[in-house]
There are 2 protein chains.
Amino acid sequence: MSNNVPEATVARLPVYQRALIELVREGASSTSSEQIASMARVNASKVRKDLSFLGSFGTRGSGYDTGYLLEQIDRALGLDRSWPVAIVGLGNLGRALANSQGFSSRGFFLCGLFDVDPSILGSRIAGVLVRHVDEIGADPDRAASPAIGVVATPAAYAQEVADRLVAAGVGCLLNFAPRVLSVPPHVLLRYVDLSIELQVMSFYLSHRGAGPGVPAGSAISAAASLPHPVGMNAGA
Amino acid sequence: MSNNVPEATVARLPVYQRALIELVREGASSTSSEQIASMARVNASKVRKDLSFLGSFGTRGSGYDTGYLLEQIDRALGLDRSWPVAIVGLGNLGRALANSQGFSSRGFFLCGLFDVDPSILGSRIAGVLVRHVDEIGADPDRAASPAIGVVATPAAYAQEVADRLVAAGVGCLLNFAPRVLSVPPHVLLRYVDLSIELQVMSFYLSHRGAGPGVPAGSAISAAASLPHPVGMNAGA
DNA sequence: GGCTGTGAACCACTTCACAGCC
DNA sequence: GGCTGTGAAGTGGTTCACAGCC
């Protein structure tokens, strides 16, 4: 198997994994591509083709053994190890991330939290000490150095933070700042961008027969552009 | 133009928009596909092809007028209106979202916040009253009804919340819960899934060298700093 | 008979290369 | 000459349809 797995397939493996965890929990000892597909809301041949990139783990005529398949997917995803993650920027979002299940779940652990705000430096979030951004990569202990860096700073600082994380040796960057970043080619960069998601939705809403959108010039949208918008007035 | 814009193109328009806002702020009155491309980290023909789906806004030989192009992109994205957004689930993540720039920015406004926790019902977050989930869609005022619903609840409640938002008439759902949702075909569903992002990164870390960009086994990728997984076989 | 694994057809998006226009 | 706009070629991913195996 190894390396020729399409990116789109990789992104679906965690979804199959979740379906399998659910099935195992329910006590189902075997399953089918059809069943996984319906849980993952994709079609069955996609499931079969995706799994075939990892190997052939099923039995013709009867399906897949849930536990075994789950193991294989976990192994393919590299979840038989734990990757150290550092979060930079501990505003509302960064703190929410630090406290979220995602990082404490199997496969990952928080190895560092960084910010510049003196009022939180030295405190602990999710049990981890908050250090100054200048200390990124300063720890001589290799095992304390992050494999994954999460950027949750304001947009203006995102590139500099990314540069520091790269210098500290991260292999992957997950960027929550609304900013295009530049990283060397050996670093995998992924974006989670709320404003892009919203704008894509706006596109579809406005190209799908007039929905409940409020014209931009109206009082309501003027209010909406203030820091603390209050919605709901009479509509257009 | 209208509706035949590829989804991949739609997702890049906000990035071009950002680049143009930056250019306008710098006072640049005109620009080129090459310049936009370098700011968006894509290649120039992609920019030209993407823009050509919206119309032909440039001038051969000289480029694009920044202000005019920005206007056209905003119009294509439907940002000449403001869309009402409701957030359901006001834990750490939901609160961070409610307070984030994304929603108060041009094009969107918070029209409702919903939860079930009695200790926050009736309070205000980002200036908006927190109401009980049962009140989703209960408001007879059509303008108060959300066009976009954001699901930020624990996974277990996500499907039920999605159903309620759909019943209340949302056209789009943005799901932050680690759960596959089922919605009717007329509703646009998008996911922001931290654990998928992390697991994709785990895949690339453990298949290092296979990542996009650097061929497997190359000197660069082998030399490219340390892998730091911790522990093996962390039992399922 | 039933379900997996997979070549082949298909489709969406990207990239190329150049015609068209300033 | 320079840069846009766009057919055409190329690429990656999805879906089909069926051979292979239990």
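Residue numbers start from 1 in every chain, and the chains themselves are labelled A, B, ... in the order their sequence lines are given, proteins ahead of strands. What you are looking at is a predicted structure, and each value in this text was computed from that prediction instead of being measured. Hydrogens, waters and symmetry mates are skipped; everything else that's a heavy atom, side chains included, is used.
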Q. So which heavy atom on B:Ile196 is nearest to which on A:Pro14, and how close?
A. CG1-CB, 3.8 Å
**Q.** Atom OH of B:Tyr191: over 12 foreign heavy atoms under 6.0 Å
**A.** yes
Q.
Rounding to an integer number of Å, can you tell me how far B:Glu7 CD sits from D:dG12 P?
A. 20 Å
**Q.** Test item: B:Gln159 side-chain N/O and B:Ser182 main-chain N/O as donor-acceptor pair under 3.5 Å
**A.** yes
Q. Taking atom C1' of D:dG13 as reference, at what distance in whole Å does atom CG of A:Asn4 sit?
A. 14 Å
Q) What does D:dG20 pair with, Watson-Crick or G-U, if both distances are under 3.5 Å? A) C:dC3
(Q) Under 4.0 Å from OP1 or OP2 of C:dT6: is there any side-chain N or O of A:Lys49 that close? (A) no
Q.
If I take atom CD in residue A:Gln72 and atom C1' in nucleotide C:dT4, what distance separates them, rounded to the nearest angstrom?
A. 16 Å
Q. A:Ser62 or B:Thr31: which one's nearest nucleotide on DNA chain D is closer to the 5' end?
A. B:Thr31
Q: Specify the separation, in whole Å, of atom CG of A:Leu54 and atom P of C:dG5.
A: 11 Å
Q) Between B:Gly149 and B:Leu165, what is the shortest heavy-atom contact and its length? A) CA-CD1, 4.0 Å
(Q) Please report the distance, rounded to the nearest Å, between CG in A:Asp50 and C1' in D:dT15. (A) 12 Å
Q | Interatomic distance, B:Ile87 atom CD1 to B:Phe114 atom CZ [nearest 0.5 angstrom] | A | 10.5 Å
Q | Nearest-nucleotide pick for A:Ser32, side chain only, options being D:dG13, C:dT4, D:dT14 | A | C:dT4
Q.
Regarding D:dG5, can its base be found pairing with the side chain of B:Arg60 as donor and acceptor, where the two atoms are less than 3.5 Å apart?
A. no
**Q.** Separation of atom CG in B:Asn43 from atom P in D:dT6, rounded to whole Å
**A.** 17 Å
**Q.** Proximity to the side chain of B:Ala8 - top-ranked nucleotide from D:dT15, C:dT15, C:dT14
**A.** C:dT14
(Q) Distance criterion of 3.5 Å, no angle test: do you see the side chain of B:Arg48 paired donor-to-acceptor with the base of D:dG5? (A) yes
Q | Distance in angstrom units between B:Leu51 CG and D:dT6 P, rounded | A | 11 Å
Q) Are A:Arg18 and B:Asp193 close enough for a salt bridge, meaning some N to O gap below 4.0 Å? A) yes
Q: Just call it for B:Glu34: base, sugar-phosphate, or nothing, with non-hydrogen atoms closer than 4.0 Å on any strand.
A: nothing
Q | Presence of B:Ser33 side-chain N/O under 4.0 Å of D:dT4 phosphate oxygens OP1/OP2 | A | yes
Q. Which of these nucleotides, C:dT15, C:dT6, D:dT6, is closest to any side-chain atom of B:Ser52?
A. D:dT6
Q: Look through every strand shown and name the nucleotide pairing with D:dG12 as Watson-Crick or G-U wobble, where both distances are under 3.5 Å.
A: C:dC11
Q) When you check the phosphate oxygens OP1 and OP2 of C:dG5, does a side-chain N or O of A:Tyr64 lie under 4.0 Å from one of them? A) yes
Q. Toward the 5' end of DNA chain D, which comes first, A:Arg12 or B:Ser45, by nearest nucleotide?
A. B:Ser45
Q) Nearest-Å distance, CZ (A:Phe53) to C1' (C:dG5)? A) 11 Å
